[in-house]
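These notes concern the structure reproduced below.
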Amino acid sequence: MLFLYLEPSEWEKAAYARCFSLKLISRCFGLFCCSHDVVRGLMESQEEATEEGINYVAMRNLFVREAKEALDVKVVKKSRSTHIRESVERMEFSRTHRKPTSDFDSLTHPPEFVIKPRGQTVWEGKTVKLHCTVAGWPKPRIAWYKNNVLIDAKAHPEKYTVESNYNMHSLEIKNCDFLDTAQYHASALNVKGEASCVATIVIKIMFSVPSADGFCPEHGVTFRTSIIDKFEVAFGREGETLSLGCTVIIYPTVKKYQPEVIWYRDSVPIKPSKWVHTHWSGERATLTLVHLNKEDEGMYTLRVNTKSGFDTYSAYVFVRDADVEVEGVPVAPLDVWCHDANKDYVVVTWKQPAVEGSSPILGYYIDRCEVGTHHWAQCNDTPVKYTRFPVTGLVEGRSYIFRVTALNKFGVSRPSRVSEAVVAMDPSDRARLPGPSAPWTGMIKFTEEDSTDSVVPGEPSDVVVTEATKSYVVLAWKPPVQRGHEGVMYYIEKCISGTDTWQRVNTGMPVKSPRFALFDLAEDKSYSFRVRCCNSAGVGEPSVSTGDITVGDKLDLPSAPGSPVATRNTDTSVVVSWAASKEVRHLVGYYIECSIVGTDVWMPCNNKPVKQTRFVCHGLTTEANYVFRVKAVNAAGYSQSSPDSDAVVVKAAICNLCTLFVAVPGKPTGVTLVEAVKDYMILAWTEAANNGGADVRGYFVDYRTVKGGIVGKWHEMNHKALTTTSYKAENLKENVFYQFQVRAMNMAGVSKASLPSAPLLCKEWTLTVPGAPVGLHVLEVRDNSVVVLWEPPVFDGRTPVNGYYLDLKVASSGEAGWKAVHEKANKMKYMKVAGLKGGTSYVFRVRAQNLVGVGKTSAVLGPIQAQTRPGTKEIYVDVDDDGIISMIFECSEMTGDSEFVWSKNYKAITDTSRLTIVNEKGKSRAIFNNPSLEDLGTFSCVVTNTDGISSSYTLTEEGLKRLLDISHEHKFPVIPFKNEMAIELLEKGRVRLWTQVEKWTADCQVDYVFNDVIVSAGQKYSMKFDKSTGIIEMFMDSLEVTDEGTFTFNLVDGKAKGTTSLVLIGDEFRELQKKSEFERAEWIRKQGPHFVEYLGFAVTQECDVLLKCKVRQNAKKIEKKDGDMTFNIGKVSSLDKGCTLLGISKSDAGIYEVYLKDDRGKDSSTFNMTDAANSSSEIKVLSTEHGIVLYSMVTHYNEDLRVGWLHKDAKIAASERVKSGVTGEQLWLKINEPTEKDKGKYTIDIFDGKDGVKRFFDLTGKDRARVVGGLPDVVAIQEGKSLNLTGNVWGEPVPEVSWSKNDKELLPDDHIKLKFEHGKFASITIAAVTTADSGKYALLVKNKFGTEAGEFTVSVYNPEDEEKEEEKKD
C-alpha cells in the first residue's frame, strides 16, 4: 500500500489524525490512501504541468519500481480493523521472509563531488561556466540553484545552459550582468542520499562610456545615454516619504524600444515592495521610499542598460532618526534579520543605533508577532546586551515577524522596522523548496510506507556550543544516523562541572530542532551539556558531553578605531578617513560623529553603520569648524570612540581651477649677510611686495662660488621650503666667496630668483654687538597708528639681545628726519606706533641691543601710508546669554583660501586650553574657556590672503573684571518683579497672596513655599499663574494658627531665577486672622435671613418715631414693607426750633433687639436708646482733599448734648483752619492743611447732662497719603510725541500708588510705562501718543490714614487735522 503526501490544505488535520491512529508519522503534510491507477494519473498530469524537482524524481523512481510489481492490484473496500490487521501481517512477513540484498547494497553509495565547482569573478557581459564531477550509485541526478532558487534552464535558454555527460556536469551563464552575482549550488541526489557544494560568482561592472563598438545590429543604431536632472545627496527623517528621480535621454529614439532601468542600494538591486515603489515613464526614472527607515540609508545608484551599453548615476541618501517621545531615550535599532530558522527556534539579529541617548544602552527587548495577527509578545524578560538572540517556543509551520527596542535608564526606544517573515520549519525541508513561494507551492511529494517497526533513535553527534554570552548559551548538534522515518525530538541535559549529576533542562516538552538556547545559567560557572533523542519508541542514549563550558561573553568589544583624518570636500561636506580597529571580531561597521568646535555637542553623521574606513559626511554648516570621531560596533556593543580629528573648516577644497586666479609671487629682494663664521653664513632678505594673490608658503635658497671673478653653477641649498626670511647656510668653506639668490613659493608655483647678492666672504666676524633685526612687517594700519613687528637678529653678538629701538620718519624726508619712537629699550618684538597723521607715508627701522651696545639698523620697512582701509572692522567683545565671553572679528573681503589667524601678544596661539577658535562665514570667534588673569594681554587677528586686514584687542585687569561681572549676570539672571508679594482679603474671608513679574516666558515655572516647604494645590491651597499678565496668586480659604510664617514664590525661567517672600507673623498675622474670621462670619450670616440695614430710628412726617431695619427674609409678627421692618414707639410734635418728644417717655429708654432665624441660620440687631454719650463710637480719621477729619458717631443727637475737643489735653479754639461741629449723628473736628504741630493726642468730651464719656485718638507719627505737586491741570501734546509726567507723593506709611484714565484703572504695557521710585516719585510715560490717549487721568495715592487723587487732562492733537479744519472754515 502507498501513501501520497501533499502540501497542507483544509483537510490536513483530519488526515493527520487518521494516520496517527495507524501509528504513521508524517512531518507536516496531509496524507490520503488511493490505488496505483489513481496515483499514476496524478503523476502523468503533474509531469505535463510542472518541471520535475530532484526530490520528486528520486522518490518517483522508487515508487515506479514497486508499482510495476503490483500493477494488477485491485482496490477492495475493507473495514478499518481489517486494514490495520493486514498491514501488520504484511510488515511481519516482510521482516521474516525477505532476503537481504547484500550484494546490491555493497554497490550503492551516496553522491560525492569528485571535482567541485569553483567560484569566479568576470566582467559584465561575459559568459561564465561552472563545472563539477559527481560520483555515486545509482547515478545521481544534478540540479543547479541560484541563491537557493532552482534554475529552470528550459524556461530561460537564452540565459542558462545545463549539460550532463559521463558524470561531468556544467552550468553556463550567458551575457552576465550585475544581477547574476550570487551563490550557485550544485545538488546531487540518489536513493542513498544527497550532497551539495557552493560556488560564488561575482560580476564586476565596467564603468565606461559606450563607444562605437556598442553598435546594435538589431536596431541598426548605437544608443547614447544621458542622465540629467539628477537627484542630489538627500536627507530624510524616519516616517517621511522621499522620492529620487532622474531624467534619462536615449538617442536615437527607436519606436517601441525601452531601456532597462535598475535601482541599487549599496550595490544591491532594489526590489519593489510596500516600502519601495519604482516608476519609469519612458523619460524619467523615479524611486519612491515610503515611510523611511534607517535601513533605507545608503548609496543609491540608477543604472540604465541599453543594447549599446549602460550609464549610471549615484548619490547618498541619509535618514535621520525621528524625534524621540521621551527626552534622553535611545533611538530605534535597525536591520532586524532572522537566521538559522528551525522547527521551533530562530536566531534574531539586529544592529545598534547610532545614538544611545543621554545614557548608554542597557540592553534590548525582542518582540514577536505571528503573521496574520496583531498581537506582539515579548520574547525576553530581561534586556540582552548582545545584538543577537535565540527565540524558542515557536510553533512549527507558522510564520513570524520580529522587532527590537533599545533600553537605557531614561526609557525604551521606539520599535525597529519589523523583520521579514520567517517560517518555523525543518531546514532540510526548507532546502528542498523550489523557490521563495515555498512552503505553500502545492507540490506533490511521494514516499514509501515504512516497512519496519519504530526504533529507538541513536545518540546525536557533534554537540557544540555555537554562542555563549552572559545571558544565554546556544547548543547545536547533528541528528543521529539511526532515527527511523517518523522523525525525532530532543532532550537537553546539563551538569555542573565537578559533579556527576545530570539535570534535564527541558523537562516539559522535547524540542524538535537540533538547536537549543539555555537561559538562567550562573555567570562564570562551568557546565557540561549533552543531548538525548526520543521518538514514539523511547528515549535514546545520550550524546558525548561538550566538556566544561564557562558561561560568559565570548565576543569582546571592538578596539577603538585609529585617529580620523578630515579633509575638505565641498561647502557642505567633509571626507573622513581612519585606521580600522585592530582588535575586532565580527565587525558590523563604524559610526562617525561630528561636533562644532567649542560646543561639545556630538551629532551622528551616519545612522547606518559602514564597513569601509572612508566616509563622506554631508549636511554640514559652511565655514563652521568641525572635529570628527569614529566608533566601531559588533554584536557585543560599541567600542571606545577614536581620538578627535584635527579641526577642519567646512568649505570647498582647492581645485586646479583656483590657480587660474593666483599668480606666482614676485622676486624677494635685499639678500644680505647677517653673520659669518668659519663654515656657515647667516643670510636675510626682504619678502616680495607682490605675493601673487596667495600667501607665500616658503623660500628656496641657491648658492654659487665666486673665484677670481669667475662664477660657478647655481646649486640648491634647501630642499624643504623655508618659512622665515632668514637662513643659515652651512657646510661652506672658509675664505671662499659665495653668491646667493632666493625664490619665493605660493600655491601657484615658484617665483623667479632674486638678484644675486654681492660676493660674500665666508670668514668669522669679530663683532660683539647684535646683528640687525629681520622680518619687519606691519599690521593694523589705521589713520593715526600702526603696529610694527619684527624678528630677532640671527646673530646676538657676545651677549643675548635685551631690547630693541624703533625709529620712524616721514617717507619724503631725508636721513635727518629719523627719530626714535621711544626712549627706553622695548623688550617685545612688536610696538604700536600712535600719533601718526592720516594720509602720510612713513618708513621704519629697528635696532637690537645687548650688554655691549646697540647693533646695526634693520632694512628699512615702508613706505607705509597711515590710512584706515574702508570697511575695516575692529575686534569686539561679546558676552552671550550663557555668560560665555568671546572676542569677535568680522571680515567681508575673504577669498576662498583666506583664514583667520589669532595671536596673543603677537605670538601664534598654541595653547588651546585657554581659547577656542570658531570660524563661520566671514566671522571668527575666540572663546575664553576659563577667563582669568592668565588671559591678560593683547589679542590680535589677521586674515590671510587679504591686503593686511587685521585688528587687536587689549584685555586689561579692569576690563576682565567688568566682563566677568557681566558674565555672571548672564549666567545667573534674575527675574524682575513689578511688585513684591502682597496679601489681601477676599469674600468669605479667603486670603490672596499675589505678585506680578515684569519679564517672563512661557517656560516660567513657580514653586509655592511655606516655611521652606513646597506646597501644592489641594484642599487648603489653590494656585494660579496667569502668563498673559504675569500675575502669580495663591489662595487660602481661611487663616489658621498653623499658617503663621513665611510665604515664598520661587520662580525659574530657563536660567533666570526670582524669589519674593512675605513674612506674616505676630500682631500683623493675628489682626489679619481676625479680619478673615470676621469676613467669613459675615458671609455665613448672609447665607440665611440677615439684616441689610441694622436697627435704627427715623421720624416720619406724621412725627412718628420709628425703629426700622431692612432684612432679606420674611419675619413673623413684624410689619414688612419691601424688606423694611418698623416699630412705632411714639410721636413727637413739630415746633419752631426742633422736636419735642410727646409719645416717648423715659420708660422707652433701653436696648432694643431684633432676632431673625430659620433653618438656614439666624441674625440679630441691637439699638441702644439709652443716653447719647454712652452711644458714641471711637474716634476715626478721614482724609479729604483739604485735610483730615476726626469724628465720632452717636446713636441720636439732641441739643442738650455738650461736645468738647481737646489737643494734648488743651481745649481746641475754633479758627479758619480748625473747626468742630455736628452733622446728623456725626461729631466732627476738621483740620485743614495739617502740619507737624497738629500731631499728638486728641480727645472728645461728650456730656448729656447726666453721664459723660471721653474718646481718644493719637495722631503721633502718622501722615495721610497726598499728591503734593508735579502734575499740571492740562497737557496738550502733538500726536507721535512721547509724554512723561512725574507726581510728587507724600505719606507715612508710604502710600500705595495707582493710575486711572476716565475713572478706569490704568495698567502698564508696551505703550504705557508706570514707575514709583524711592517712595516719593510716581511717573507715567506714554510712548508715541495717539488721539486715543486723550482723556482724564488721575494719580491715586492711598495709605491707612487717607486717600488723595491728583487729576489732570491730556489732549492729543494732530497738526494736519487742525490745518484741514481751518481750511474748511476759510
Side-chain angles (χ1 to χ4, degrees), residues 5 23-29 54-55 58-59 109-112 148 185 187-197 339-347 390-397 422-433 438-439 445 447-448 450-467 473-494 502 504-518 528-547 549:
Y5 288 79
K23 303 292 185 180
L24 299 173
I25 303 298
S26 173
R27 292 185 179 175
C28 293
F29 310 107
I54 294 299
N55 294 344
M59 296 305 177
H109 60 89
E112 179 182 359
N148 294 326
H185 296 250
S187 178
L189 178 69
N190 65 8
V191 295
K192 296 299 290 182
E194 182 182 3
S196 65
C197 60
H339 308 272
D340 200 14
N342 226 296
K343 294 180 181 180
D344 55 359
Y345 167 95
V346 69
V347 175
V391 178
T392 59
L394 305 182
V395 178
E396 186 177 1
V422 63
V423 183
M425 64 184 302
D426 193 287
S428 60
D429 294 337
R430 189 189 310 276
R432 295 187 180 95
L433 299 178
K445 299 182 180 180
T447 183
E448 288 184 291
D450 190 358
S451 59
T452 61
D453 287 338
S454 297
V455 295
V456 176
E459 67 268 15
S461 58
D462 297 338
V463 181
V464 294
V465 175
T466 58
E467 294 184 45
V473 170
V474 177
L475 299 177
W477 58 89
K478 292 182 179 179
V481 176
Q482 179 184 341
R483 52 179 169 173
H485 290 274
E486 62 177 270
V488 294
M489 293 188 287
Y490 306 93
Y491 286 111
I492 293 83
E493 299 176 348
K494 68 178 181 181
W502 287 92
R504 182 170 293 178
V505 177
N506 55 329
T507 56
M509 177 69 70
V511 297
K512 299 179 181 180
S513 305
R515 302 284 189 276
F516 189 75
L518 292 89
S528 296
F529 304 97
R530 68 186 186 187
V531 182
R532 293 177 183 264
C533 296
C534 66
N535 61 8
S536 59
V539 179
E541 293 297 320
S543 66
V544 178
S545 170
T546 59
I549 301 297

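A distance of 7.5 Å separates OG1 of T466 from CG of D340, quoted to the nearest 0.5 Å. Distance check: I549 CD1 to L518 CG gives 11.5 Å after rounding to the nearest 0.5 Å. Separation of atoms CE (M489) and SG (C534) is listed at 5.0 Å; rounding is to 0.5 Å. Note: S513 OG to M425 CE = 11.5 Å, rounded to the nearest 0.5 Å. Atom CD1 of residue I492 and atom CG of residue N506 lie 4.0 Å apart, to the nearest 0.5 angstrom. Distance check: R530 CZ to R504 CZ gives 9.5 Å after rounding to the nearest 0.5 Å.
For W477 and Y490, the gap between ring centers is short of 6.0 Å.
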Criterion side-chain contact (heavy atoms from CB on, under 4.5 Å) on E194 and S187, from CA distance to verdict: CA-CA 7 Å; E194 182 182 3; S187 178; 3.0 Å; yes

Set out, in order, the CA-CA distance, both residues' side-chain angles and the distance that settles side-chain contact (heavy atoms from CB on, under 4.5 Å) for E493 and V531, then state yes or no. CA-CA 6 Å; E493 299 176 348; V531 182; over 6 Å; no

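Of the candidates S543, P542, S528, S543 is the only one forming a side-chain contact (heavy atoms from CB on, under 4.5 Å) with V463.
Partners of K512 by salt bridge (Lys or Arg N to Asp or Glu O under 4.0 Å), not counting sequence neighbours, listed by chain and number: E396. In this structure, the side-chain contact (heavy atoms from CB on, under 4.5 Å) partners of D462, at least two apart in sequence or on a different chain, are K478.
Put simply, the side chain of T546 gets close to the backbone of F529: a donor and an acceptor are under 3.5 Å apart.
Of all non-hydrogen atoms in H109 and N190, the two that sit nearest each other are O-ND2, 3.1 Å. Across all non-hydrogen atoms, the minimal contact from H185 to N148 is NE2-OD1, 3.6 Å. Scanning all heavy atoms of the two residues, the minimum distance from V346 to L394 falls at CG1-CD1, 3.8 Å. Smallest separation of non-hydrogen atoms from C533 and P460: SG-CG, 3.2 Å. Residues P480 and G458 share a closest heavy-atom pair of CB-O, 3.4 Å.
Side-chain contact between V465 and L475 is present, with heavy atoms from C-beta onward closer than 4.5 Å. D344 places none of its side-chain heavy atoms less than 4.5 Å from the side chain of V395.
Cation-pi geometry between R532 and Y491 is not met at under 6.0 angstrom from the ring centre and within 45 degrees of the axis.
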